[in-house]
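In what follows, every heavy atom counts, from backbone to side chain, and hydrogens, waters and symmetry copies are set aside.
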Amino acid sequence: MPEIVYLLLCVDDIVLTASSQQLLRRVIDALMKEFAMKDLGPLHHFLGMAVQRQGDSLFLSQRQYALDILARHGMSGCKPCSTPVDTCAKVSADEGSPLADPTDYRSLVGALQYLTFTRPDIAYTVQQACLYMHSPREIHLVAAKRILRYLQGTVDHGLIIPRTSSSQLVVYTDADWAGCPDTRRSTSGYAVFLGGSLVSWSSKRQPTVSRSSAEAEYRAVANGVAEATWLRQLLQELHQPLTSTCLVYCDNVNAVDLSTNPVQHQRTKHVEIDLHFVRERVAIGAVRVLHVPTTSQFADVFTKGLPTSVFQDFRSSLNVHSCDVPTVGGC
């Protein structure tokens with residue numbers, strides 16, 4: 001079996017891992033002969049993210065970063081809330097009074113974007129806040145401050161990466177059809193798991209208006225399949241190829257049927273590119289698109305506001321916990 005070294009470089013920070021401790025030591029020694037660098041030992045901090053090893057799992061957290069955001073915006077003593085967004089309809093771009101000085105709003109939302117690296121549970125509401133950066137209003141600031149109130153109660157939460165034997169890619173995709181009150185565009189979301197670990201997620205407004213819920217859901221499926229295809233290629237380049245078919249779960253029966261139906265119906269011609277892309281991946285056996293009940297649709301977290309009990313259940317399924325909560329992975 002060939003020896004492998006992975007090197008992650010960002011400016012002057014390096015993360016190294018290797019297939020053996022001996023090889024890792026040789027690589028570090030070789031690098032230190034060529035460059036002025038310091039070996040800080042096992043990974044514990046990288047790009048503002050704390051890394052804790054807990055049993056057979058890694059716990060990724062930006063606790064201090066979240067505390068700094070709360071302090072900078074005068075919310076350190078705020079009352080916590082249980083969810084980052086309510087279940088009411090999305091706010092409009094023209095609703096409420098414009099902010100006299102939008103600088104603080106833009107600074108807050110920009111800071112929250114970086115926090116989503118370890119907090120997928122706020123990805124949707126931060127995405128929604130980003131839509132109004134050009135002309136924020138009072139109601140948008142209230143929504144952004146709700147995120148801070150949610151963080152106040154979950155500041156110890158982070159993303160758990162458990163060690164699992166499975167290496168299968170599983171994708172959950174969802175769309176909130178015509179949810180934007182201004183443009184009637186839909187919001188797509190997906191969550192990609194490699195084994196038991198959440199490795200990629202997205203919450204994004206679709207670039208075009210969908211004429212049916214099936215179309216909106218199918219575009220979300222296409223986005224999830226595209227991400228899974230890229231991850232398969234990346235793992236191939238890292239000499240860790242996947243041998244099993246990627247499973248893509250969607251809670252819309254029509255969208256699932258379209259992934260295997262070879263007949264091009266008149267009502268689906270406007271999504272022809274996405275249709276052919278997904279069907280091609282299904283035909284070669286790289287992807288299977290399956291139906292999942294709404295009660296198990298974890299990607300709902302990335303497309304809409306949810307009741308507290310549902311949100312907390314799905315948050316747990318995304319491996320977002322406080323650092324002291326035990327899990328199967330060993331945390």
Look at the side chain of Ser197 and the backbone N and O of Val199, then say whether any donor-acceptor pair between them is shorter than 3.5 Å.
no
Side-chain contact test, heavy atoms from C-beta onward, threshold under 4.5 Å: evaluate it for Ser61 versus Thr118 and give yes or no.
no
Nearest heavy-atom contact between Ala220 and Ala175 is CB-CB, 4.1 Å
Minimum heavy-atom separation for Trp201 to Ala123, with atom names?
CD1-CB, 4.2 Å
Would Ser203 and Thr187 count as a side-chain contact (heavy atoms from CB on, under 4.5 Å) if you check the C-alpha gap in whole Å, the side-chain angles of each, and the deciding distance to 0.1 Å?
CA-CA 7 Å; Ser203 177; Thr187 299; 4.0 Å; yes
Before giving the answer on side-chain contact (heavy atoms from CB on, under 4.5 Å), spell out for Arg185 and Thr208 the whole-Å C-alpha distance, their side-chain angles and the decisive distance to 0.1 Å.
CA-CA 6 Å; Arg185 296 185 194 177; Thr208 58; over 6 Å; no
Heavy-atom donor-acceptor pair, Asn252 side chain to Glu217 backbone, under 3.5 Å:
no
Taking CZ in Arg53 as the centre, count heavy atoms belonging to other residues, nucleotides or ligands within less than 6.0 Å. Is the count above 12?
no
Check for me, please, whether Ile122 and Val85 land in the same ILVMFWY cluster - side-chain distances under 4.5 Å, paths through other members count.
no
Pair listing, salt bridge (Lys or Arg N to Asp or Glu O under 4.0 Å) test, anchored in residues 13-26, at least two apart
Glu3-Arg26, Arg25-Asp29, Arg25-Asp39
Looking at side-chain heavy atoms only, is the closest gap between Leu7 and Val27 below 4.5 Å?
no
Path from Leu159 to Leu43 over hydrophobic side-chain contacts below 4.5 Å:
yes
Using 0.5 Å steps for rounding, measure from the OG atom of Ser57 to the NE2 atom of His321.
9.5 Å
Honestly curious: do Met37 and Leu40 fall in one hydrophobic cluster under the side-chain, below-4.5 Å linking rule?
no
Just by distance, do the side chain of Asn319 and the backbone of Gly196 share a donor-acceptor pair under 3.5 Å?
yes
Exercise: identify the closest heavy-atom pair between Met75 and Cys78
O-SG, 3.0 Å
Nearest heavy-atom contact between Pro120 and Val320 is CG-CG2, 3.5 Å
Does the side chain of Leu47 come within less than 4.5 Å of Tyr114's, by heavy atoms?
yes
Taking C-beta and beyond as the side chain, do Glu138 and Leu99 meet within less than 4.5 Å on heavy atoms?
yes
Any non-hydrogen side-chain atom of Cys246 less than 4.5 Å from a side-chain atom of Val171?
yes
CZ on Arg63 to CG on Leu151, rounded to 0.5 Å
12.5 Å
Passes side-chain contact (heavy atoms from CB on, under 4.5 Å), Ser92 versus Arg137? Steps please.
CA-CA 10 Å; Ser92 170; Arg137 294 174 177 261; over 6 Å; no
Please identify which of these residues, Asp174, Leu258, Val256, Thr173, meets the side-chain contact (heavy atoms from CB on, under 4.5 Å) condition with Val221.
Thr173
Distance-minimising heavy-atom pair for Ser210 and Ala216:
OG-CA, 3.5 Å
Cut-off 3.5 Å, side chains only: do Gln64 and Asp68 have a donor facing an acceptor?
yes
Will you find, in the side chains of Thr103 and Asp101, an N or O donor that is under 3.5 Å from an N or O acceptor?
yes
Test your reading of the model: is there a side-chain donor-acceptor pair from Thr116 to the backbone of Gln113, 3.5 Å cut-off?
yes
Ser202 side chain to Tyr190 backbone, donor-acceptor under 3.5 Å
no
Ignoring hydrogens and geometry, is there a side-chain-to-backbone donor-acceptor pair from Glu215 to Arg211 under 3.5 Å?
yes
Which of these, Arg315, Arg146, Arg149, sits in a side chain to side chain donor-acceptor pair (under 3.5 Å) with Thr83?
Arg146
Which value, rounded to the nearest 0.5 Å, describes the distance between Cys81 atom SG and Asp86 atom CG?
9.5 Å
May I ask you to decide whether Lys304 forms a salt bridge with Asp300, counting only side-chain N to carboxylate O separations under 4.0 Å?
yes
Just say parallel, tilted or perpendicular for the rings of Tyr105 and His140, cut-offs at 30° and 60°.
tilted
At what distance, to the nearest 0.5 angstrom, does CG of Leu238 lie from CD1 of Ile4?
8.5 Å
Test of understanding: clusters of I, L, V, M, F, W, Y form through side-chain heavy atoms closer than 4.5 Å, transitively. Do Val282 and Trp230 belong to the same one?
yes
With the 4.5 Å side-chain cut-off for hydrophobic clustering, are Leu148 and Leu115 part of the same group?
yes
Would you give the length of the straight line joining atom CZ of Phe314 to atom CZ of Phe302, rounded to the nearest 0.5 angstrom?
11.0 Å
With a 4.5 Å cut-off on side-chain heavy atoms, are Leu231 and Val192 touching?
yes
Working to the nearest 0.5 Å, report the span between CZ of Phe193 and CG of Leu247.
13.0 Å
Ring-ring centroid check Tyr172 Tyr249, cutoff 6.0 Å
yes
Within 6.0 angstrom of Arg205 CZ, more than 12 heavy atoms from elsewhere:
yes
Can a donor-acceptor pair be found, under 3.5 Å and without considering hydrogens, that links the side chain of Arg281 to the backbone of Ala286?
no
CD/Glu237: more than 12 non-hydrogen atoms of other groups inside 6.0 Å
yes
Minimal non-hydrogen separation, His291 against Asp251, with atom names
NE2-O, 3.4 Å
Show your working on side-chain contact (heavy atoms from CB on, under 4.5 Å) between Arg119 and Leu112 and close with a plain yes or no.
CA-CA 10 Å; Arg119 296 295 301 269; Leu112 289 172; over 6 Å; no
Checking Thr229 side chain against Val225 main chain: does a donor-acceptor pair fall under 3.5 Å?
yes
More than 12 foreign heavy atoms under 6.0 Å from NZ of Lys90: is that the case here?
yes
Step by step, would you call Phe311 with Tyr124 a ring-ring contact (aromatic ring centres under 6.0 Å, His included)?
CA-CA 12 Å; Phe311 174 81; Tyr124 163 70; 10.0 Å; no
I'd like to check Leu169 versus Leu242 (side-chain heavy atoms, cut-off strictly below 4.5 Å). Are they in contact?
yes
Taking the side chain as every heavy atom from C-beta outward, state whether Asp121 and Pro84 have any pair of such atoms under 4.5 Å apart.
no
